[in-house]
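Input: one structure, supplied below.
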Amino acid sequence: QLVESGGGLVQPGGSLRLSCAASGLTLDNYGIGWFRQAPGKEREGVACISINDDSTNYADSVKGRFTFNRDNAKTTMYLQMNSLKPEDTGVYFCAIGGKCVGTVMKNLEVWGQGTQVTISS
């Protein structure tokens with residue numbers, strides 16, 4: 001099970017840190033990723049780390065502003081979001097699966113329930 005937290009309403013230029021806590025599994029055994037879905041749009045990948053890999057793939061729209069990492073216990077992943085823009089608004093989901101091709105995750109296994117992020121003045 002994956003549970004996200006940390007969403008909210010912030011002004012443009014602000015920051016948020018999303019967390020995704022895993023229960024009953026160790027993140028090291030999976031590819032991990034963050035995805036988002038804006039109103040009226042399809043879900044898109046934000047950041048993705050393949051199974052058995054430490055490199056992170058970021059969507060072009062978030063490169064240099066978002067940082068994806070996980071804790072040493074390998075049970076929680078984080079998405080630090082800085083310099084937020086209105087177009088970052090959406091529901092953010094974490095997920096586990098297999099290999100990442102860019103920010104597309106293959107063999108998705110589990111999604112979190114999502115956390116709402118709203119960027120507005």
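One-based numbering along the sequence shown.
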### Query
Do Gln116 side-chain atoms and Gly8 backbone N/O form a donor-acceptor pair below 3.5 Å?
no

### Summary
Between the NZ atom in Lys106 and the OG atom in Ser50, the distance rounded to the nearest 0.5 Å is 10.5 Å

### Message
Testing the 3.5 Å rule here: is there a donor-acceptor pair between the side chains of Asn57 and Thr103?
### Response
no

### Task
Kindly give the heavy-atom pair with the smallest separation between Val3 and Gln113, and that separation in Å.
CA-OE1, 3.6 Å

### Linked, directly or transitively: Val110 and Tyr30 (ILVMFWY side chains, under 4.5 Å)
yes

### Message
So Val46 and Phe68, do their side chains get closer than 4.5 Å, heavy atoms only?
### Response
no

### Message
What's the separation between atom CG in Asn69 and atom OG1 in Thr56, rounded to the nearest 0.5 Å?
### Response
8.0 Å

### Task
Mind checking salt bridge (Lys or Arg N to Asp or Glu O under 4.0 Å) for Lys41 and listing every partner two or more places apart, or none if nothing turns up?
none

### Query
If you look at every heavy atom in Pro86 and Thr89, which pair is closest and at what distance?
O-OG1, 2.9 Å

#### Entry: Pairwise side-chain contact, Arg17 with Tyr78, heavy-atom cut-off 4.5 Å (strictly under)
yes

### Query
Can you name the residues that form a side chain to side chain contact (heavy atoms under 4.5 Å, CB included) with Thr26, not counting sequence neighbours?
Asp28, Asn29, Lys74

### Query
Within a strict 4.5 Å, meaning less than it, do heavy atoms of the Ile96 and Met77 side chains meet?
yes

### Message
Within the 4.5 Å heavy-atom criterion, are Thr115 and Val91 side-chain neighbours or not?
### Response
no

### Query
Is the NZ or CZ atom of Arg43 positioned over Phe93's six-membered ring, under 6.0 angstrom from the centre and within 45° of the axis?
yes

### Query
Roughly how far, to the nearest 0.5 Å, is the CG atom of Leu27 from the SG atom of Cys94?
8.5 Å

### Query
What pairs of residues pass the ring-ring contact (aromatic ring centres under 6.0 Å, His included) test when at least one of them lies in residues 35-56, not counting sequence neighbours?
Phe35-Trp111

### Task
Quick one: pull up OG in Ser55 and CD1 in Ile49 and give me the separation to the nearest 0.5 Å.
8.0 Å

### Query
Hey, does Trp34 have a side-chain heavy atom less than 4.5 Å from the side chain of Cys48?
no

### Task
Taking side chain to side chain contact (heavy atoms under 4.5 Å, CB included) as the test, write out the residues that go with Val117, two or more places apart.
Leu16, Leu18, Met81, Tyr92, Ile119

### Query
Does the distance from a Lys or Arg side-chain N to an Asp or Glu carboxylate O, for Lys99 and Asp53, drop under 4.0 Å?
no

### Message
Do the side chains of Asp88 and Lys85 get close enough for a salt bridge, i.e. N-O under 4.0 angstrom?
### Response
no

### Task
Could you walk me through whether Gln37 and Glu44 pass the side-chain contact (heavy atoms from CB on, under 4.5 Å) test, one step at a time?
CA-CA 6 Å; Gln37 188 164 18; Glu44 64 174 353; over 6 Å; no

### Task
Check Gln11 against Ser121 and note the closest heavy-atom contact, atom names and distance.
CG-CA, 4.5 Å

### side chain to side chain contact (heavy atoms under 4.5 Å, CB included) partners of Leu9, counting only residues at least two apart
Thr118, Ser120

### All side chain to side chain contact (heavy atoms under 4.5 Å, CB included) counterparts of Ser83, not counting sequence neighbours
Arg65

### Query
Hey, what do you get for SG (Cys20) to CG (Leu79), rounding to the nearest 0.5 Å?
10.5 Å

#### Entry: Exercise: identify the closest heavy-atom pair between Cys100 and Met105
SG-CE, 4.2 Å

### Task
Check the side chains of Asn107 and Glu109 for a donor-acceptor pair under 3.5 angstrom, ignoring hydrogens and angles.
no

### Task
Check whether any side-chain heavy atom of Leu84 lies under 4.5 Å from a side-chain heavy atom of Phe66, and answer yes or no.
yes

### Query
If you look at every heavy atom in Ser61 and Arg36, which pair is closest and at what distance?
OG-NH2, 3.3 Å

